[in-house]
Structures are given as structure tokens and as C-alpha cells.
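Mind looking over this structure? Questions follow.
Being a predicted model, the structure only gives us computed values, none of them experimental. Numbering of residues begins at 1 and proceeds along the displayed sequence.
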Amino acid sequence: MTVIRLLLVDDDPLVRAGLALMLGGAEDIEIVGEAADGDEVAALVDRARPDVVLMDIRMPTVDGLTATELLRSREDAPQVVVLTTFHADEQVLRALRAGAAGFVLKDTPPAEIVDAVRKVAAGDPVLSPTVTRQLVRHAVGTGPDTRRADARARLAVLNDREREVAVTVGQGRSNAEIAAALYMSVATVKTHVSRILAKLGLNNRVQIALLTYDAGLLDGHDGHGGYEGRAGRGGHDGRGGRGGHAGDASAGDASAADGH
């Protein structure tokens with residue numbers, strides 16, 4: 001059994017105590033440190049080497065956003081899950097854009113927080129499709145008018161198959177769900193996601209989701225049904241062949257040759 005090393009960061013000692021009690025009871029999670037402010041995080045990460053950091057977003061000296069940005073700029077950065085009291089807060093969005101792997105509400109049931117830590121440690125998405133849509137709808141109203149054009153320009157480096165995978169990531173789907181929708185193996189999905197992250201210079205799937213929404217690639221998709229229907233009609237065979245592409249229809253710009 002692989003044990004997940006977890007660092008807790010919150011300025012409220014009662015919250016930290018509750019989280020430690022809740023998460024420390026899981027056999028596969030070890031609390032390796034606690035911090036009361038973001039200015040303590042870097043040193044604790046160097047010393048304790050956590051796999052996941054559960055980070056409060058509002059702290060008095062160095063907030064969770066700044067601490068997340070600093071952590072995610074490191075080559076050996078741990079995954080960060082943001083703790084917040086709001087579903088779609090501007091600071092949460094900034095933390096996600098900075099590289100946080102997801103967020104949980106402070107009143108989330110204990111079992112779901114434990115599950116979120118496990119998912120992030122495994123590289124799986126934390127945000128459900130519903131929460132993803134709430135976030136990206138909030139994001140579209142808070143960004144500059146140039147965001148769509150900028151996002152489309154960045155996504156132009158993806159080939160058609162990678163863009164299809166990016167869209168399904170944006171819908172909040174798991175690797176298994178993407179594999180079923182696009183008729184490929186889970187291993188192939190993981191390879192595509194890794195290539196997308198490398199090509200776009202992103203840290204995690206949440207950033208892919210926000211970028212695809214910024215580019216307009218999720219317009220008209222309702223989460224699970226819309227894109228899967230297109231994939232099925234396109235007749236994908238798992239070898240990179242393409243039929244009708246949601247990315248082509250939405251973005252309207254040429255992409256690179258498939259190459260898979």
C-alpha cells in the first residue's frame with residue numbers, strides 16, 4: 001500500500017486539528033506536517049517532502065494563492081488542494097490557474113475530503129463536472145476580452161486528437177470516462193494528457209479545463225452527453241482517426257497533423 005504524505009496549511013488551529021483527526025485516521029494517509037501560514041510552507045515542504053498539500057486560501061501573512069504559486073513553480077512540486085468556503089471565488093480561480101489540482105469546501109463531508117486527497121495523489125481530477133462548469137462559467141465573466149483569442153492561440157499547438165482529449169478533460173471526466181467516450185485505452189488517454197500538459201506548459205488537468213473553456217471549446221456541451229455523441233458519430237477507432245471534431249467546430253482554426 002502506497003502511503004500519501006500530506007501537509008496541512010490553515011491559520012485556524014481548530015480547523016487543522018479537525019483535518020488531522022479526519023485524515024490521519026485513513027490507513028493510506030500520513031500527516032507529515034502542519035503550517036499556520038503560507039510563509040511556513042516552503043521550508044516544511046523541503047523538510048517533510050509531502051505528496052499533497054491541503055492549503056487554506058486566506059491566511060494573514062502569505063495567503064494560499066501566493067504559496068501555491070511558489071510551490072507549483074518548483075520542479076519537484078507537490079500537488080496542492082485548496083481549502084475554501086466558496087464554490088466559485090476569484091481567488092480559487094487564481095489558485096487553480098497557478099497550478100492547484102482542485103479545491104474542497106471546508107464543510108465538505110470527511111469521506112469526500114479523504115477521497116479528494118487520494119484522487120489528487122493519483123493524478124485524477126478532483127472537480128466534478130458540475131463544479132467544473134460552475135468555475136469556468138465564473139471564469140469567463142472575470143477575465144479580459146482577449147482571453148479567448150489568447151487561449152485559442154495556445155491550443156493551436158495541439159493536434160486534433162489531443163484537442164478532443166482536452167475538451168473531455170474540460171468537461172471534468174476521468175481517464176476511464178475519456179477512454180470510453182473517445183474509444184481509446186486508459187493508457188493512451190494518460191499519454192495524450194501528458195503531451196497536452198507538456199505542449200501547453202501546464203501543471204495539471206484543471207488548467208487544461210480552464211484553458212479549453214477560455215478558448216470556447218466547451219460552448220454548447222452539457223458535461224457528459226454532448227461531446228460523447230459527437231465522438232461516437234465520428235467513428236474513432238483508438239488509432240487517432242478523426243471524424244467530426246468538437247474542437248474543430250468550436251475553435252475554427254487549423255491544428256497540427258495527428259501523428260498518432
Side-chain angles (χ1 to χ4, degrees), residues 1-87 89 91-92 94-128 131-132 135 172 174-175 190 193 197 202-207:
M1 179 181 64
T2 301
V3 176
I4 302 165
R5 298 173 62 82
L6 179 66
L7 174 64
L8 302 176
V9 185
D10 195 296
D11 62 327
D12 188 334
L14 292 178
V15 171
R16 291 200 311 276
L19 289 170
L21 182 63
M22 174 199 317
L23 294 161
E27 291 184 357
D28 57 341
I29 297 177
E30 177 186 1
I31 309 298
V32 296
E34 297 183 21
D37 201 281
D39 62 355
E40 304 172 24
V41 172
L44 271 173
V45 167
D46 286 337
R47 184 166 67 251
R49 298 293 178 183
D51 301 305
V52 179
V53 178
L54 197 55
M55 180 97 70
D56 185 17
I57 206 165
R58 291 178 174 84
M59 291 178 286
T61 305
V62 174
D63 61 29
L65 172 62
T66 302
T68 297
E69 290 173 336
L70 291 173
L71 278 185
R72 294 303 300 171
S73 66
R74 300 162 54 133
E75 290 186 2
D76 58 345
Q79 296 293 335
V80 177
V81 178
V82 171
L83 277 170
T84 182
T85 54
F86 301 100
H87 275 285
D89 175 87
Q91 285 189 298
V92 173
R94 288 177 61 194
L96 294 175
R97 292 189 186 280
F103 75 93
V104 293
L105 300 177
K106 289 189 175 182
D107 60 356
T108 298
E112 293 182 19
I113 295 181
V114 171
D115 185 56
V117 170
R118 288 171 175 156
K119 283 184 175 180
V120 167
D124 291 328
V126 170
L127 304 182
S128 68
V131 173
T132 298
L135 277 172
S174 67
N175 287 335
K190 291 180 179 179
V193 171
L197 292 171
L202 302 178
N203 292 315
N204 57 54
R205 301 165 71 104
V206 177
Q207 290 178 316

| message | With rounding to the nearest 0.5 angstrom, report the CD1 to CZ distance, Ile31 to Arg5. | response |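 So the CD1 of Ile31 and the CZ of Arg5 are separated by 11.0 Å.
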| task | Calculate, to the nearest 0.5 Å, the distance between atoms OG1 and CG belonging to Thr61 and Asp37 respectively. | result |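 Between atom OG1 of Thr61 and atom CG of Asp37 there are 4.0 Å.
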| query | Closest approach of Ala42 and Arg74, non-hydrogen atoms and distance? | reply |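 Minimum heavy-atom contact is O-NH1, 3.9 Å.
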| Looking at Val81, Val82, Leu71, Val120, which hits side-chain contact (heavy atoms from CB on, under 4.5 Å) with Val53? |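 Considering Val81, Val82, Leu71, Val120, a side-chain contact (heavy atoms from CB on, under 4.5 Å) with Val53 is found only for Leu71.
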| query | Does the Asp28 side chain pair with the main chain of Thr2, one donor and one acceptor, at a distance under 3.5 Å? | reply |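 Flag not set: sc Asp28 to bb Thr2 has no pair under 3.5 Å.
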| task | Any chance you could measure Leu23, atom CG, to Ile4, atom CD1, to the nearest 0.5 Å? | result |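 With rounding to 0.5 Å, CG (Leu23) is 10.0 Å from CD1 (Ile4).
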| Does the side chain to side chain contact (heavy atoms under 4.5 Å, CB included) test come out yes or no for Lys190 and Asn175, once each step is laid out? | CA-CA 7 Å; Lys190 291 180 179 179; Asn175 287 335; 3.6 Å; yes
| request: Grab the two heavy atoms, one from Val41 and one from Ala67, that are nearest each other, plus how far apart they are. | output: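 The answer is CG2-CB, 4.4 Å.
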| request: Of all the heavy-atom pairs spanning Met55 and Gly64, show the shortest one and how long it is. | output: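 The answer is CG-CA, 3.7 Å.
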| request: Would you check if the side chain of Arg16 reaches a backbone N or O of Leu8 as a donor-acceptor pair within less than 3.5 Å? | output: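 Such a contact is absent between Arg16 side chain and Leu8 backbone.
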| task | With sequence neighbours excluded, tell me which residues meet side-chain hydrogen bond (donor to acceptor under 3.5 Å, both in side chains) with Arg72. | result |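 Here no residue qualifies.
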| Gap between atom CD of Glu40 and atom CG of Leu7 - 0.5 Å precision |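 Spacing of CG (Leu7) from CD (Glu40) equals 9.5 Å.
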| query | Within a strict 4.5 Å, meaning less than it, do heavy atoms of the Asp51 and Leu6 side chains meet? | reply |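 No, too far: nothing below the 4.5 Å cut-off.
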| Measuring from Ile57:CD1 to Leu83:CG, what's the distance to the nearest 0.5 Å? |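 Here the interatomic distance stands at 9.5 Å.
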| message | Evaluate Glu112 against Val104 for side chain to side chain contact (heavy atoms under 4.5 Å, CB included), listing each step before the verdict. | response | CA-CA 9 Å; Glu112 293 182 19; Val104 293; over 6 Å; no
| query | Does the Asp115 side chain pair with the main chain of Arg118, one donor and one acceptor, at a distance under 3.5 Å? | reply |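 No, the answer is negative, given that no donor and acceptor are paired below the 3.5 Å cut-off.
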| message | For Lys106, is there an ion pair with Asp56 - N to carboxylate O distance below 4.0 angstrom? | response |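 Yes, this pair counts.
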| Side-chain heavy atoms of Arg49 within contact of Asp76, under 4.5 Å |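 SC-SC contact between Arg49 and Asp76 confirmed.
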| task | Output the distance between atom CG (Asp63) and atom CZ (Arg58), rounded to the nearest 0.5 Å. | result |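 The CG atom of Asp63 sits 9.0 Å away from the CZ atom of Arg58.
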| said: Please evaluate residues Val3 and Ile29 with respect to the criterion side chain to side chain contact (heavy atoms under 4.5 Å, CB included), reporting the C-alpha separation (whole Å), side-chain torsions for both, the decisive distance (0.1 Å), and the verdict. | reply: CA-CA 5 Å; Val3 176; Ile29 297 177; over 6 Å; no
